[in-house]
*Asks:* 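Take this structure first; my questions come after.
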Amino acid sequence: MIRRLIARFWPGRSSGDPVVVRADEHPVRRDQVSYGARTVTRRLQDAGFKAFVVGGAVRDLLLGLEPKDFDIATNATPEQVKPLFRRAYVIGRRFRLVHVHVGNEVIEVSTFRAPQKADEATDEHGRLLTDNVYGTQAEDAARRDFTINALYFDPATEEVWDYVGGVADVRARRLRLIGPPTTRFREDPVRMLRAVRLAAKVGVTIDKRTAAPIPKLAPLMANVPPARLFDEMQKLLLSGHATETLKSLRAHGLSHGLLPLLDMILEQPMGQKFIDVALAHTDRRVREEMGVSPAFLFATLLWHEVLANWNAAKAKGGKPLPALFDAMDRVLEQQAERIAIPRRFEATIKEIWSLQPRFEQRAGVRPNRLLEHPRFRAAYDFLAIRGESGEVPGSLVDWWTRFQDVSPDERAAMLKPDEAPKKRRRSRGRGRRAAEAGDAPPPDADAPTGR
Ligand code: ATP
Ligand code: MG
């Protein structure tokens, strides 16, 4: 009882013994844990080690959600874990963990870790630079971020071990940092982002004391390495709750400095509308498990900045296409200073952008050639978002929707000058030629490609 009270009022300051919540006191059953995770915990326990499912999976199960993956925490070192499994690989240089392959599953097994002491290895803002020391299970719980992320489930006994008052917080649907919020956010400012992301994702409320210091500490995000920010942003945006999360980020004063360009975009009504439509589109796809490409998403987030740069360059007399390519490069470069968008995404982002002007060309051979472009589908989805946000006429999107669906004959008919939409047409005689050529365009001339 006393221990429960301590855990309840001083999260993260328990005496070192867990509150063990028995199977009949919570709803999680062992068959909700994946086969791989059950196999790994059983084998570790049979070899005499402690082994639990930990972190996000336990949280999700207790909240009635389906976990994305299962992580295991154990007192066995990586060297002790590895020989117990046929396909186990020690990974990571800074903190070593083991990836155990069971069937198609990869189970991450990490050894209990101790929290860093405040006086060692922090930068001048209090940010932890290493966290590399093995520790007890109680220490492992205390070094985690939120109480609901620090629960351990033993599939063998179906017990939940709680060192930090996490079970009470699950019941209250409350997200609470373990330990003093200001210190914990200073140690790792990404926790501020995680708070907002997890609250939206699992449907819990950020505890007042946890939320209070965020606006003041938000500038610390500037010290987080860009690659790490990209990972968190990607998780955040692909969570299926991007719209809500972004709104919450802004409300907590976290969006500024994080996506510097995005702040500017959201200040213009057109930009705001575009982002709203894009995020709603992404959330829908994630929830319907349709797969979302991060490149597509980042292309949408930055598009209005590209447009602004592009229009400015054209107004100064720049030729449209070179001006577009310059604008794309400039925007990606600026963004890279805060969030390192990986190079492999950049190529796709640029392709999606650079194909946009080609949708304006509805005469001649160009529409058929665009249709065959490997990125047509992504570029067309992007055009649809532009249409929905009011940036391009809905009739242009409708035309392309129909054009890709109909037979080659009908396609040729759509290209006829008198059936082409009233908007500017740049057929210059090519329309007729292509209409006659049907779906066999000559191999010559075509405007920009992804390069
Ligand atoms: P998701 O379901 O979105 O993956 P998660 O909580 O599992 O959420 P992970 O990044 O997979 O997030 O982290 C696994 C666990 O590691 C967390 O549940 C938490 O216990 C711990 N953790 C992750 N990031 C931090 C952090 N920045 N500080 C302290 N502990 C962390
Ligand atoms: Mg996880």
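Each ligand, and each atom within it, is numbered from 1 in the order the structure gives. The residues of the chain are indexed from 1 along the displayed sequence.
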*Asks:* Please identify which of these residues, W399, W353, W400, meets the ring pair (Phe, Tyr, Trp, His ring centres under 6.0 Å) condition with F359.
*Replies:*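 Going through W399, W353, W400 one by one, the ring pair (Phe, Tyr, Trp, His ring centres under 6.0 Å) with F359 is satisfied by W400 alone.
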*Asks:* Looking only at protein heavy atoms, identify the closest one to atom 14 (C) of ligand 1 and say how far it is in Å.
*Replies:*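 Scanning the protein heavy atoms, the shortest distance from atom 14 (C) of ligand 1 goes to D71 OD2, 4.1 Å.
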*Asks:* For R228, which part has a heavy atom under 4.0 Å from ligand 1: side chain, backbone, both, or neither?
*Replies:*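 R228 to ligand 1: side-chain contact only, backbone stays beyond 4.0 Å.
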*Asks:* Are the side chains of R197 and L249 in touch, meaning some heavy atoms are under 4.5 Å apart?
*Replies:*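 No, every pair of side-chain atoms sits at 4.5 Å or beyond.
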*Asks:* Using a strict cut-off of 4.0 Å, indicate which atoms of ligand 1 neighbour a heavy atom of K68.
*Replies:*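 This gives 1 (P), 2 (O), 3 (O), 4 (O) as the contact atoms.
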*Asks:* Please write down residue, atom name and distance for the protein heavy atom closest to atom 2 (O) of ligand 1.
*Replies:*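 So the nearest neighbour among protein heavy atoms is K201 NZ, 2.8 Å.
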*Asks:* What's the shortest distance from atom 5 (P) of ligand 1 to any protein heavy atom, and which residue and atom give it?
*Replies:*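 For atom 5 (P) of ligand 1, the nearest protein heavy atom is R59 NH1, 3.8 Å.
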*Asks:* Got the closest protein heavy atom to atom 30 (N) of ligand 1, with its distance?
*Replies:*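 Result: D145 N, 3.2 Å.
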*Asks:* Would you mind checking which non-hydrogen protein atom is closest to atom 9 (P) of ligand 1, with the distance to 0.1 Å?
*Replies:*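 Looking only at protein heavy atoms, the one closest to atom 9 (P) of ligand 1 is K235 NZ, 3.6 Å.
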*Asks:* Is the shortest side-chain heavy-atom distance between P357 and W310 below 4.5 Å?
*Replies:*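 Yes - at least one pair of side-chain heavy atoms lies under 4.5 Å apart.
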*Asks:* With heavy-atom distances below 4.5 Å as the criterion, would you say the side chains of V100 and E105 are in contact?
*Replies:*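 V100 does not reach E105 side chain to side chain.
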*Asks:* By number and element, which atoms of ligand 1 are closer than 4.0 Å to a non-hydrogen atom of R143?
*Replies:*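 By the 4.0 Å cutoff, the relevant atoms are 29 (C), 30 (N).
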*Asks:* Would you please indicate yes or no on a ring centroid separation below 6.0 angstrom for F274 and H304?
*Replies:*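 Yes, the ring of H304 comes within the 6.0 Å limit of the ring of F274, centre to centre.
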*Asks:* With atoms numbered from 1 as shown, which atoms in ligand 1 lie under 4.0 angstrom from a non-hydrogen atom of G55?
*Replies:*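 Checking each atom against G55, I get 18 (O).
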*Asks:* Any chance CD of E289 has more than 12 other-residue heavy atoms, nucleotides or ligands included, within less than 6.0 Å?
*Replies:*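 No, the 6.0 Å shell around CD holds no more than 12 heavy atoms from other groups.
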*Asks:* What protein heavy atom sits nearest atom 12 (O) of ligand 1, and how far away is it?
*Replies:*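 The closest one turns out to be R194 NH2, 3.2 Å.
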*Asks:* Both conditions, 6.0 Å and 45 degrees, for the charged tip of R176 above the ring of F146: are they met here?
*Replies:*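 Negative - R176 is either too far from the ring of F146 or too far off its axis.
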*Asks:* With atoms numbered from 1 as shown, which atoms in ligand 1 lie under 4.0 angstrom from a non-hydrogen atom of R197?
*Replies:*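 By the 4.0 Å cutoff, the relevant atoms are 3 (O).
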*Asks:* May I ask you to list the atoms of ligand 1 that are less than 4.0 angstrom from any heavy atom of D188?
*Replies:*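 Going through ligand 1 atom by atom, the ones under 4.0 Å from D188 are 26 (C), 27 (N).
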*Asks:* Kindly indicate whether the side chain of F70, heavy atoms from C-beta on, has any atom under 4.5 Å from the side chain of V33.
*Replies:*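 Sidechains of V33 and F70: in contact.
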*Asks:* Among protein heavy atoms, which lies nearest atom 28 (N) of ligand 1, and at what distance?
*Replies:*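 Going atom by atom, the protein heavy atom closest to atom 28 (N) of ligand 1 ends up being R191 NE, 2.9 Å.
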*Asks:* Report the nearest protein non-hydrogen atom to atom 21 (C) of ligand 1: residue, atom name, distance rounded to 0.1 Å.
*Replies:*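 Atom 21 (C) of ligand 1 sits closest to the protein heavy atom R144 NH1, 3.8 Å.
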*Asks:* Counting each atom of ligand 1 from 1 as listed, which ones have a heavy atom of N149 under 4.0 Å away?
*Replies:*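 Counting from 1, the qualifying ligand atoms are 6 (O), 17 (C), 18 (O), 19 (C), 20 (O).
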*Asks:* With the side chain counted from C-beta on, respond yes when L198 and V204 share a heavy-atom pair under 4.5 Å apart, and no when they do not.
*Replies:*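 A side-chain contact is absent here, since even the closest heavy-atom pair is not under 4.5 Å.
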*Asks:* Are the side chains of N223 and P189 in touch, meaning some heavy atoms are under 4.5 Å apart?
*Replies:*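 In short, these two side chains do not touch, never coming nearer than 4.5 Å.
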*Asks:* Between ligand 1 and R184, is the shortest N or O to N or O distance under 3.5 Å?
*Replies:*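 By distance alone, the answer is no.
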